[in-house]
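Accompanying notes for the structure given below.
Protein chains get the first letters and strands the later ones, always in sequence-line order, with residue 1 at the start of each.
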2 protein chains.
Amino acid sequence: MAPGRIAQTALYQEVAERLRQRIFAHELLPGIRIDEQQLAVEYGISRTPLREALKVLAAEGLVTLRPRRGAFVTEISDQDLDEIFPLMAMLEGRCALEATRRASPEQIARLEALHRQLQRFAASNQIGRFFEVNQEFHLRIQEMSGNRWLRQMIQDLRKVLKLTRLFSLSIDGRLQQSLDEHVGILEAIRTGDALRAQTMMHDHILAGRQALVRGAGEEARVPS
Amino acid sequence: MAPGRIAQTALYQEVAERLRQRIFAHELLPGIRIDEQQLAVEYGISRTPLREALKVLAAEGLVTLRPRRGAFVTEISDQDLDEIFPLMAMLEGRCALEATRRASPEQIARLEALHRQLQRFAASNQIGRFFEVNQEFHLRIQEMSGNRWLRQMIQDLRKVLKLTRLFSLSIDGRLQQSLDEHVGILEAIRTGDALRAQTMMHDHILAGRQALVRGAGEEARVPS
DNA sequence: TTTCATAATTATGGATACAGTATTATTCGC
DNA sequence: GCGAATAATACTGTATCCATAATTATGAAA
């Protein structure tokens with residue numbers, strides 16, 4: 001093990017996180033086999049923590065373990081996407097509902113600050129930054145809902161979604177459309193209209209999926 | 001390892017399943033520490049597959065791994081229940097909605113057969129059997145929804161719920177009330193009223209939680 | 001030339017051994 | 001007698017080793 005490491009977190013957790021990042025970065029593409037031995041050598045660790053990390057990722061659905069066959073990055077089908085997005089819409093809609101009911105003025109102000117950041121990144125067409133802050137925006141609302149399990153569930157699904165190359169935001173006009181939808185959501189939260197916030201968030205998520213379907217085939221390619 | 005075992009599934013999966021059953025049977029109570037070494041000796045296996053099994057259970061939320069402290073059976077608070085039940089209600093409601101839209105006459109007939117079984121077990125006050133078939137009833141509707149992710153999500157939450165001793169069905173009158181609610185759900189599914197099926201299932205789940213809250217303190221004890 | 005069977009190689013799954021850290025108990029000092 | 005510090009013990013975390021199963025390659029036969 002590398003000396004100087006404080007090792008407060010277990011090694012298998014670190015390995016799991018590194019693998020997650022590589023999967024999310026599409027460096028490890030869905031379907032390919034994850035070579036335990038090679039990775040162990042590459043990371044300079046033994047196979048034991050690596051195997052434990054793979055078990056964790058398998059439980060998250062990011063990798064699929066075939067007995068005696070090895071670990072493979074999970075492949076997500078279009079049908080999976082069609083099943084997951086409506087779920088996400090429902091769950092995030094619920095978040096918006098609960099968040100609206102419990103929102104404090106400070107929390108709303110924080111959301112609006114994030115929204116202004118989004119506007120800036122959209123104006124300068126910084127899609128990467130927009131993507132990050134957008135995640136932060138949604139995460140914040142999930143936290144505001146006060147329901148730990150609801151938030152966890154959404155995060156788990158989002159991990160699975162990150163397996164695919166979803167660049168709905170890079171589709172022409174989607175960035176502005178997304179911003180407009182955020183304005184509506186914020187408005188509903190600000191005025192305390194929980195049901196409207198729920199509906200708008202719900203439709204916002206589904207609109208993301210719609211943009212994907214429309215832009216199918218022309219999705220951006222990222223050189224691994 | 002026991003000879004004669006075909007061992008198609010990995011050992012860690014078997015161990016995980018055995019531990020799950022012991023946790024669900026409340027043989028391993030929430031909060032207690034799971035002794036790796038002792039269990040390894042007890043099962044006649046090494047610590048390696050046991051540790052992998054614990055990682056899986058941790059991902060499911062059944063056990064909590066405290067770094068350098070060991071594995072503990074997860075403790076569920078009342079607040080957790082208050083957060084989980086509305087979620088379950090929403091998710092199972094959604095299942096009922098989708099199931100209604102896709103229901104074939106054969107599937108409906110199968111549901112009604114299960115319902116008749118429930119009536120029999122209720123009449124003879126066989127709570128254990130009722131509980132089992134009740135699970136089957138709900139699971140069937142989840143499968144009918146055709147959404148793999150929705151079903152998985154509900155099953156995951158249900159696992160966590162099984163950590164606690166939830167015997168709402170053993171509370172006086174709840175058995176009959178549950179049956180009545182099922183009648184309503186079945187009626188909605190049969191007539192194709194998806195929205196009504198959703199609402200009724202939603203309320204059915206919440207009613208289970210309500211019964212629990214009312215019956216708090218007087219919950220029945222089940223040996224093992 | 002293609003297909004099937006057998007053998008060899010490689011990788012996964014499980015066991016055992018070792019090191020490091022945390023907890024607990026005992027002893028010493030105040 | 002009580003509290004703190006140090007030492008010992010026990011358990012987690014990691015590495016190495018071994019066995020078994022799967023896959024691939026090679027050779028022979030059709």
> Under the salt bridge (charged side-chain N to carboxylate O under 4.0 Å, His left out) criterion, do B:Asp35 and B:Arg33 qualify, and how do the steps go?
Replying inline: CA-CA 6 Å; B:Asp35 193 323; B:Arg33 203 184 77 113; 3.4 Å; yes
> Going through the distances and angles, do A:Glu136 and A:Arg140 end up as a salt bridge (charged side-chain N to carboxylate O under 4.0 Å, His left out)?
Replying inline: CA-CA 6 Å; A:Glu136 173 80 10; A:Arg140 185 76 58 168; 2.7 Å; yes
> Passes salt bridge (charged side-chain N to carboxylate O under 4.0 Å, His left out), B:Glu14 versus B:Arg18? Steps please.
Replying inline: CA-CA 6 Å; B:Glu14 282 186 39; B:Arg18 289 180 74 169; over 6 Å; no
>> I'd like to know whether B:Arg51 forms a salt bridge (charged side-chain N to carboxylate O under 4.0 Å, His left out) with A:Glu52, so could you lay out the CA-CA distance, the side-chain angles of the two residues, the decisive distance to 0.1 Å, and finally the verdict.
In response: CA-CA 8 Å; B:Arg51 289 170 56 82; A:Glu52 292 178 347; 3.1 Å; yes
> Can you list the steps and then say if B:Gln155 with B:Gln142 is a side chain to side chain donor-acceptor pair (under 3.5 Å)?
Replying inline: CA-CA 9 Å; B:Gln155 290 306 312; B:Gln142 287 159 37; 2.6 Å; yes
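Atoms CD (B:Glu52) and C1' (C:dA15) sit 12 Å apart, rounded to a whole Å. Atom CD1 of B:Ile45 and atom C1' of C:dT16 are 14 Å apart (whole Å). Regarding B:Leu65, its CG atom lies at a distance of 8 Å from the P atom of D:dG13, rounded to whole Å. The OH-P distance, from A:Tyr12 to D:dA15, rounds to 15 Å in whole Å. Between B:Leu11 atom CG and C:dT16 atom P there is a gap of 13 Å when expressed in whole angstrom units. Following rounding to the nearest Å, A:Arg66 (CZ) and C:dT12 (C1') show an atom-to-atom distance of 14 Å. Per the geometry, CG belonging to A:Leu54 stands 9 Å off P belonging to C:dT12, to the nearest Å.
Note: A:His138 and A:His204 have parallel aromatic rings, judged against thresholds of 30 and 60 degrees for the angle between ring planes.
For the pair A:Arg68 and C:dA11, the criterion of a side-chain N or O lying under 4.0 Å from OP1 or OP2 is not met.
Counting distance only, with no hydrogens placed and no angle test, the side-chain atoms of A:Arg51 and the base atoms of C:dG14 include a donor-acceptor pair under 3.5 Å. Contact annotation: side chain of B:Arg47 to base of C:dG14, donor-acceptor pair absent below 3.5 Å.
Every pair passing salt bridge (Lys or Arg N to Asp or Glu O under 4.0 Å) that includes a residue from residues 102-114 of chain A is listed here, sequence neighbours excluded: A:Glu112-A:Arg190.
At a non-hydrogen distance threshold of 4.0 Å, A:Arg33, A:Glu36, A:Gln37 from residues 32-39 of chain A come into contact with DNA chain C.
Within the nucleic acid shown, A:Arg69 comes within 4.0 Å of sugar-phosphate atoms alone, with no base atom in reach, counting heavy atoms only.
Nucleotides of DNA chain D nearest to B:Ala71 and A:Ser46 differ in position, and the one nearer the 5' end is that of B:Ala71. Of the two residues contacting DNA chain C, namely A:Thr48 and A:Gly70, the nearest-nucleotide position lying further toward the 5' end is that of A:Gly70.
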